[in-house]
Amino acid sequence: MRFRAKGRRRQATRRQEDSTGYDTPMAEERARQAGDVNLDLPKPGEATAGPSDSVDFRRAFEMAADAILITDAQGRYVRANKRACELTGYSANELTQMRIGDLCVPFERAYSLGRFELLRKSGATCQERVIQRRDGTRLTVEAHATGLGDGTFQTILRDVSDRVSVEDALRHSADTYGVLMDPGGTAVVSAGRNGRIVSWSSAAEEIFGYTAEEAVGMPVTRLIPRRWKRQHTSTFNRHVGVGTGEQVGRTIHTEGLRRDGAKIPLEISVAVGWKGDEPLFTAVVRDMSRQREVIESLNDAFQRLQFHIERMPLAYIVWDTDFRVVEWNPSAEQMFGYSRSEAAGRTSYELVLPADPEVIAAVDKVWSDLLAGDTSSHSVNANVRKDGSTLTCEWFNTPLRDSEGKIRGVASMARDVSEREASEAQLRNAQKLESLGVLASGVAHDFNSSLMVILGNTSLLKSMSNLPSKALEYVELIENAGVRAGEFITHLLAYARTGRHNPQPTDLNAVLNDAAEFVRSAIGKRHELALSLMDRLPRILADHSQIEQVVLNLCLNARQAQPKQGVITVVTRVATLTGHSTMRCVPVPPAQGRYVELVVQDDGCGMDEATAQRIFDPFFTTKTEGHGLGMAAVLGILRHHNAVAHVDSKLGKGTKIHVYFPIHSVARGKGVDLTAEHVRRHWHT
């Protein structure tokens, strides 16, 4: 309620106190001296400035059910309504002679003045206070004070004595008959203003170890560890005289001291009551030892889980029900290229799924099954990284549920299986090539037997002196065809690895120097052969003639890639193969380590990825001439030598074929196992 000044009117005569005893000229004069409130209410028929100046407003103020007191900026009462007079027993004239705190019981007056200072700063307070009526009786009231904005304050007092009496009676009943018990280990301890215990429940005996006979009369500080005693004493002294304070009505977590000296974690709620004129502080104390153990256990489990999530090699991702990222661990950062902050709140479609309708449709099906409760979700699909590169991931997913069983998200773990899939593909290819090798070997041997008959008979025919010249011409054509068929058989046997193989410690540079002239004549004058050979190259275990065959076939293949003219470069050096580079090699990934590398490079038309993957397949060729066994023969010879190859080619940018031979010091007696069983072990481990 606010009384606004509209103007000052001096009354010519003093009004006498009316029969109600709550309106006096002295009160009005006090209000005028305050300079902030106009208590002159208009006479009937006078114009008013607003609702607060109306007769109706004055009547509402006077007839309010709650006691209302108006205080000036110095804390003096300047006006009181009828209910305020009834509640305190003082007339309005007597109340205007009093200040804030005069109505309080003696031990609350200092505190009341302090609260008034707080009211002046904050503009509003609410508290329970004990006031002393004119006849000496005491009442507990609930006081709501509010600043009116013009330097005055309004206080509404409500009698709550009945409620407090009921609370005190219940508390007294609990202390007297021991009904305040909690099976969870909750104790009730009460202390007076002197800080000594006046009541002690059975649960307190269990928590602190003192019997009721020992505890009653004992100072509360005996239950407080040394490091908390000074703080407790300071806090207790601040509010012991007034029955309130910063800890009253609050729940705090602290430590207690048992009789045997052990410290225990406690949860304490402090309330204040009254026993006559004396405040009685009651603490509800709960032993938190078990809860502390549970919390520490959960915290320990959480830390271990967090450690596993942060350090696990699998990408760990938690999605909400909108398929947006909630959690994103370091492995996910490394696998997909997005930091945790970049991924947070974004959907899978924005982060890891390629723009492939088939992949998206498959993922949508998995997601709908998860939201329907599928706990056995497993899928393998293509994904993309932040840089746009692709990878293949294996996903393990499970729905997450809240305490009511409702699905609140999905947890996913993913691992990059790109290398494993490549190894499996290489294994399948190796097995296919093995099968083709067996077939080629059988065909070559059978065909070779027939060819020997053909060539033998042509030789006999040529030796006949009476053979017509025309017939001799036909015999020579048959013989030439047989020789070419013999070369074809040689390639088949090389691919099938059933030809003669005589490995010796070999200097690869020496082989290349010996074969250089032969290779130059084979590729023709329009093509140049350039050798770039590393000095002091480590030796390899190789068959000299088979290595020459490899070099010749690779150079002929390079010549076909640049039909008009060009330069074919042959390089030797020492190379180190690591995990990523081994996966690109055929026929199978070799062990990591150092190798002697042979590179045959051209600047021809190059190949697309699909062609490069099939270059070593038997009978595969992109040329109109040729039988498609040259590169297959190369692969067969490499398998003889436990060597591997890697093709690096792009359309219009030429081709490099890298061949890696085990160094002899490493390979002696051991070599590099390139069997299908080796590949099987490799990709499983």
Requested in this report: Please step through side-chain contact (heavy atoms from CB on, under 4.5 Å) for the pair Asn383 and Leu353, ending with a clear verdict.
Outcome: CA-CA 5 Å; Asn383 294 105; Leu353 288 183; 3.9 Å; yes

**Report entry** Pairwise distance CE(Met413) to CH2(Trp395) - rounded to 0.5 angstrom
**Finding:** 11.5 Å

**Report entry** Side chain proximity check, Asn381 to Val366, heavy atoms < 4.5 angstrom
**Finding:** no

Requested in this report: Decide yes or no on side-chain contact (heavy atoms from CB on, under 4.5 Å) for Tyr77 and Leu103, but give the supporting numbers first.
Outcome: CA-CA 11 Å; Tyr77 295 123; Leu103 288 176; 3.7 Å; yes

Report task. State, with a plain yes or no, whether a side-chain heavy atom of Ile68 is found less than 4.5 Å away from one of Arg83. Result -> no

Query raised in the report: Are any non-hydrogen side-chain atoms of Glu394 and His378 less than 4.5 angstrom apart?
Result: yes

Query raised in the report: For the residue pair Ile207 and Ala187, what are the closest heavy atoms and their distance?
Result: CD1-CB, 3.8 Å

Query raised in the report: Is the backbone N or O of Gln334 less than 3.5 Å from a side-chain atom of Arg385, with the two atoms forming a donor-acceptor pair by type?
Result: no

Query raised in the report: In Å and rounded to the nearest 0.5 Å, what is the CD1 to OG distance from Ile264 to Ser289?
Result: 6.0 Å

Query raised in the report: Does a donor on one side chain sit under 3.5 Å from an acceptor on the other, for Asn93 and Ser91?
Result: no

Query raised in the report: Thinking salt bridges, do Arg324 and Asp322 make one under a 4.0 Å N-O criterion?
Result: no

Report task. Could you check if a side-chain atom of Trp228 sits within less than 4.5 angstrom of a side-chain atom of Leu257, using non-hydrogen atoms only? Result -> no

Query raised in the report: Which distance, rounded to the nearest 0.5 Å, do you find between the CD1 of Ile70 and the OG1 of Thr96?
Result: 13.0 Å

Requested in this report: Taking side-chain hydrogen bond (donor to acceptor under 3.5 Å, both in side chains) as the test, write out the residues that go with Ser412, two or more places apart.
Outcome: Trp319, Asn397

Query raised in the report: What's the shortest heavy-atom distance between Cys85 and Leu95, and which atoms?
Result: SG-CD1, 4.2 Å

Query raised in the report: Taking everything shown except Arg133 itself, do over 12 heavy atoms lie less than 6.0 Å from its CZ?
Result: yes

Query raised in the report: Is there a side-chain contact between Leu351 and Tyr338, using heavy atoms and a 4.5 Å cut-off?
Result: yes

Requested in this report: Considering non-hydrogen atoms only, spot the tightest contact between Pro219 and Arg196 and give its length.
Outcome: CD-NH1, 3.2 Å

Query raised in the report: Does the distance from a Lys or Arg side-chain N to an Asp or Glu carboxylate O, for Asp402 and Lys406, drop under 4.0 Å?
Result: no

Query raised in the report: Could you go step by step and tell me if Arg158 and His144 meet the side-chain contact (heavy atoms from CB on, under 4.5 Å) rule?
Result: CA-CA 9 Å; Arg158 182 171 297 167; His144 298 265; 5.5 Å; no

Requested in this report: Compare every heavy atom of Ile309 with every heavy atom of Pro330, then report the nearest pair and how far apart it is.
Outcome: CD-O, 4.4 Å

Query raised in the report: Taking only residues two or more places apart in sequence or in another chain, which ones pass side-chain hydrogen bond (donor to acceptor under 3.5 Å, both in side chains) with Glu293?
Result: Arg290

**Report entry** Exercise: identify the closest heavy-atom pair between Ala191 and Val198
**Finding:** N-CG2, 4.0 Å

Query raised in the report: Where the side chain of Asp102 meets the backbone of Arg99, is there a donor-acceptor pair that is under 3.5 Å apart?
Result: yes

Query - Lys365 atom NZ, neighbour heavy-atom count above 12 within 6.0 Å - result: no

Requested in this report: Return yes when atom CD of Glu350 has more than 12 non-hydrogen atoms of other residues, nucleotides or ligands closer than 6.0 Å, and no otherwise.
Outcome: yes

Query raised in the report: Parallel, tilted or perpendicular: which fits the ring planes of Tyr349 and Phe323, with parallel below 30° and perpendicular above 60°?
Result: perpendicular

Query raised in the report: Any salt bridge between Glu310 and Arg340, counting N to O under 4.0 Å?
Result: yes

Report task. Drop me the distance from His253's NE2 to Ile268's CD1, to the nearest 0.5 angstrom. Result -> 10.0 Å

Query raised in the report: Counting N and O atoms only, with roles assigned by atom type, does the side chain of Arg286 sit under 3.5 Å from a partner on the main chain of Ser269, one being a donor and the other an acceptor?
Result: no

Query - From Asp369 atom CG to Thr375 atom OG1, the distance as rounded to the nearest 0.5 Å - result: 11.0 Å

Query raised in the report: Counting only N and O atoms by type, is there a donor-acceptor contact under 3.5 Å from the side chain of Ser418 to the main-chain atoms of Leu391?
Result: no

Query - Salt bridge Arg258-Asp260, side-chain N to carboxylate O under 4.0 Å - result: yes

Report summary line: Correct closest heavy-atom pair for Thr155 and Ala145 would be OG1-CB, 3.8 Å

**Report entry** Distance in Å, Met218 CE paired with Leu223 CG, rounded so as to fall on 0.5 Å steps
**Finding:** 4.5 Å

Report task. Given side-chain contact (heavy atoms from CB on, under 4.5 Å), test Arg79 with Thr152 step by step and report yes or no. Result -> CA-CA 11 Å; Arg79 187 166 180 81; Thr152 62; over 6 Å; no

